[in-house]
Amino acid sequence: MKFEVELISKEIVKPSSPTPDHLRHYELSFLDQVCPKTYNPLVFFYELNSDHNITEISNKIKKSLSEVLTLYYPLAGRVKNDRFVDCNDEGVSYSVARVISVGNLSDAIKNPLPSELCKFLPFEIHPLTEFALGVQLNIFEHGGIAVGLCISHQLADALSCVMFAKTWVAIARGEGDRVVRPEFVSATLFPPKDDPGFDATSMVTKKAVSKRFVFDASVIEALRLKYKSKERTVQEDQDDQIRPSRIEALSAFIWNRFVAATSDLYSATTEKVYTVVHPANIRPRLDPPLPEHSFGNLSRFSFVILSTGKENGCDLVRLIREGIRKVDMDHLRKVQQGEDSHLDLLLNYTKELMKKGGEYISLGFTSLCRFPLYEADFGWGEPTWVSSAALCFNDFIVFMDTKTGNGIEVYISLKEEHMAKLEADEDFLRAVSPIVGS
């Protein structure tokens, strides 16, 4: 389904109280510097009855946004020289739009195209604007709203975005005295560098094709059972059945189907390197650990380099788990010192491979599962649905929980020819729910 959205108004919302002088200089961390200059997108859909007044809703959103910016003050500032934020309270973008092509919210979310979901956002995902944060209130003619949120990835990872939303809606409900204040320690732990050495923004593309697929809980559980392995535990001198997580199992399945579906697009004679990439939240991995409300980009990617790309599901799950385990405090100490052996190894490996005319085949995965997205209640009820949008990277996958049933929505972004091959793969199609939005 295609949407047509008409902009009604646009303004700047500033913090409800000025940022103190001693907090006006917010330094970016090294981890912030190596993140892509894109926005993290979220869209929250709410069904409303006729008792709700849209003007009052808009005012409530703006007022609570102004208040939450006093806590998340870097988001109301301006990034300077990719090194720091001038927390000058210049504000964030707030817009109101009318959805004129479809009257009912329930119709809009039945079969959504990720590219169409972008219309509910205040900005394009790339490039960044002067604003670190933007909000767009989208009004459906016959009831219901969608609140589109964009937060700069240069400042915040996925968990920081979710914690911001959690704090924002709590303030809107009048529970501001109970919220936990964010902590800003990232640059202290990972100081910025004059030359970060890696530009993730170079991988941004507008040619990626994004589609959304739904995997029911029963399918995911079957994959977890299929990929269950035996590993000897440390605690007991016996074999213990290790069942993969939902994310591990689904990552392994999608990787295997992607490699099988696209194999004829690659030369059979050239050397290849295969990698599977997952982010690891480093807050609990640091010593001492950081709380979840620590703000910034506090994650590192784990890289699994595969020998053939055709490893079976059990082996792939094991390798993914081992790769994430390597993002430990020993590795993080090296990152704090400006070294990243994992990334350096991969970059050097692929550079040499490309010199020899080889091929690099990779999928990157990230998960928003188990995050409290469906608890985002401004005071008019929990969201009916929470979505991402079209992605601006090739070979990238985002997992999000379905609202009920323990299923997972998967946003897959691939080259057009790769997407066509995957959608023609019978094993992949058998696993996808028939209510897929594509």
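Contact between V102 and F140 at its shortest, heavy atoms only, is O-CD2, 3.8 Å. Of all non-hydrogen atoms in L31 and I282, the two that sit nearest each other are CD1-CD1, 3.8 Å. What you find for E67 and T70 is that their closest heavy atoms are O-OG1, 2.6 Å. L155 and F295 make their closest contact through O-CE2, 3.4 Å (heavy atoms, listed as atom of the first residue, atom of the second, distance). Looking at every heavy atom in both residues, P244 comes nearest to V317 through CB-CG1, 3.5 Å. Smallest separation of non-hydrogen atoms from D401 and Y374: O-CE1, 3.8 Å.
Residues S9 and Y94 have side chains that never bring a donor and an acceptor to within less than 3.5 angstrom of each other. In this structure, a donor-acceptor pair under 3.5 Å is absent between the side chains of T402 and E409. Side-chain N/O atoms of T366 and H278 include no donor and acceptor closer than 3.5 Å. Between the side chains of D157 and S160, at least one donor N or O lies within less than 3.5 Å of an accepting N or O. No hydrogens or angles considered: a donor-acceptor pair under 3.5 Å links the side chains of D89 and T19. The closest side-chain donor-acceptor pair between D86 and H25, if any, does not fall under 3.5 angstrom. Between the side chains of N406 and E221, no donor-acceptor pair is found at a separation under 3.5 Å.
Atom-to-atom distance recorded for L65:CG and L149:CG is 9.0 Å, nearest 0.5 angstrom. With values rounded to the nearest 0.5 angstrom, F84 atom CZ is found 11.0 Å from R24 atom CZ. With rounding to the nearest 0.5 Å, the separation of CG in L189 from CZ in R283 is 11.0 Å. In this structure, S106 OG and H142 NE2 are separated by 10.5 Å, a value rounded to the nearest 0.5 Å. In this structure, the separation between OG on S210 and CD1 on I125 is 8.0 Å, given to the nearest 0.5 Å. Of the inter-residue distances, the one linking N138 atom CG with I145 atom CD1 reads 9.0 Å to the nearest 0.5 angstrom.
Enclosure of atom CD in E416 is not indicated, since only 12 or fewer non-hydrogen atoms of other residues, nucleotides or ligands lie within 6.0 angstrom. Heavy atoms of other residues, nucleotides or ligands lying less than 6.0 angstrom from CD of Q337 number more than 12. Shown here is R83, whose CZ atom has more than 12 heavy atoms of other residues, nucleotides or ligands within 6.0 Å. More than 12 heavy-atom neighbours from other residues, nucleotides or ligands sit within 6.0 angstrom of NZ on K403. Enclosure of atom CG in D194 is not indicated, since only 12 or fewer non-hydrogen atoms of other residues, nucleotides or ligands lie within 6.0 angstrom. More than 12 heavy atoms of other residues, nucleotides or ligands sit less than 6.0 Å from atom NZ of K37.
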Inset, instruction - Just do the side-chain contact (heavy atoms from CB on, under 4.5 Å) check on L319 and L306 with the steps written out, would you? - result: CA-CA 9 Å; L319 291 169; L306 305 175; 3.7 Å; yes
Inset, instruction - Carefully, step by step, assess F123 and S93 under the rule side-chain contact (heavy atoms from CB on, under 4.5 Å). - result: CA-CA 9 Å; F123 317 123; S93 175; 3.6 Å; yes
Inset, instruction - Would you check, one step at a time, whether the test side-chain contact (heavy atoms from CB on, under 4.5 Å) holds for V135 with V92? - result: CA-CA 8 Å; V135 174; V92 303; 5.8 Å; no
Inset, instruction - Verify ring-ring contact (aromatic ring centres under 6.0 Å, His included) between W255 and F365, making sure each step is shown before the conclusion. - result: CA-CA 10 Å; W255 169 264; F365 298 84; 7.8 Å; no
Legend entry - Steps toward side-chain contact (heavy atoms from CB on, under 4.5 Å) verdict (L265, K421): CA-CA 9 Å; L265 297 176; K421 289 287 188 178; 4.0 Å; yes
Legend entry - ring-ring contact (aromatic ring centres under 6.0 Å, His included) between Y39 and H153, worked out: CA-CA 5 Å; Y39 286 107; H153 203 339; over 10 Å; no
Inset, instruction - Could you walk me through whether F253 and Y227 pass the ring-ring contact (aromatic ring centres under 6.0 Å, His included) test, one step at a time? - result: CA-CA 9 Å; F253 172 76; Y227 297 153; 7.5 Å; no
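For the pair V68 and F164, the minimum side-chain heavy-atom distance is below 4.5 Å. At a threshold of 4.5 Å between non-hydrogen side-chain atoms, the residues F44 and F378 do not count as touching. Taking 4.5 Å as the limit, some side-chain heavy atom of F120 sits within range of a side-chain heavy atom of F3. Considering only heavy atoms from C-beta on, S152 stays 4.5 Å or farther from L133 through its side chain. Between L69 and L71, every side-chain heavy-atom pair lies at or beyond the 4.5 Å cut-off. Using a 4.5 Å heavy-atom cutoff, the side chains of V276 and L316 are in contact. A heavy-atom distance below 4.5 Å is not found between the side chains of C392 and T205. Taking the side chain as every heavy atom from C-beta outward, F45 and P383 never approach each other to under 4.5 Å.
Side chain of S413 to backbone of F393: a donor-acceptor contact under 3.5 angstrom is found. Under the 3.5 Å distance criterion, the side-chain polar atoms of S251 are matched with a main-chain donor or acceptor of I247. Side chain of N40 to backbone of A158: no donor-acceptor contact under 3.5 angstrom is found. Between the side chain of S66 and the backbone N or O of S16 there is at least one donor-acceptor pair closer than 3.5 Å. Put simply, the side chain of R212 never gets that close to the backbone of I412: no donor and acceptor are under 3.5 Å apart. A donor-acceptor distance shorter than 3.5 angstrom exists from the side chain of S362 to the backbone of T275, with no hydrogens or angles considered. Formation of a donor-acceptor pair under 3.5 Å by the N53 side chain with backbone atoms of E56 is found in this model. In this structure a side-chain-to-backbone donor-acceptor pair under 3.5 Å is present from S64 to K60.
Using a cut-off of 4.0 Å between Lys/Arg side-chain N and Asp/Glu carboxylate O, E248 and R321 are scored as salt-bridged. Taking 4.0 Å as the cut-off between side-chain N and carboxylate O, R98 and E141 do not count as a salt-bridged pair. Here K415 does not pair with E417 in a salt bridge; the nearest charged N to carboxylate O distance is not below 4.0 Å. In summary, E124 and K206 engage in a salt bridge, as defined by a charged side-chain N under 4.0 Å from a carboxylate O. Between E4 and K119 there is no salt bridge, since none of the side-chain N atoms of the basic residue sits less than 4.0 Å from a carboxylate O of the acidic one.
Proximity of the aromatic rings of F213 and F428 is defined here by a centroid distance below 6.0 angstrom, and this criterion is met. Taking the ring centroids of Y360 and Y274, they lie at or beyond the 6.0 Å cut-off.
Evaluated for a side chain to side chain contact (heavy atoms under 4.5 Å, CB included) with L414, the options I397, V209, L363 yield exactly one hit, L363.
By the 30° and 60° cut-offs, the orientation of the rings of Y46 relative to W380 is perpendicular.
Geometrically, K193 engages F30 in a cation-pi contact, judged by NZ or CZ lying under 6.0 Å from the ring centre and within 45° of the ring axis.
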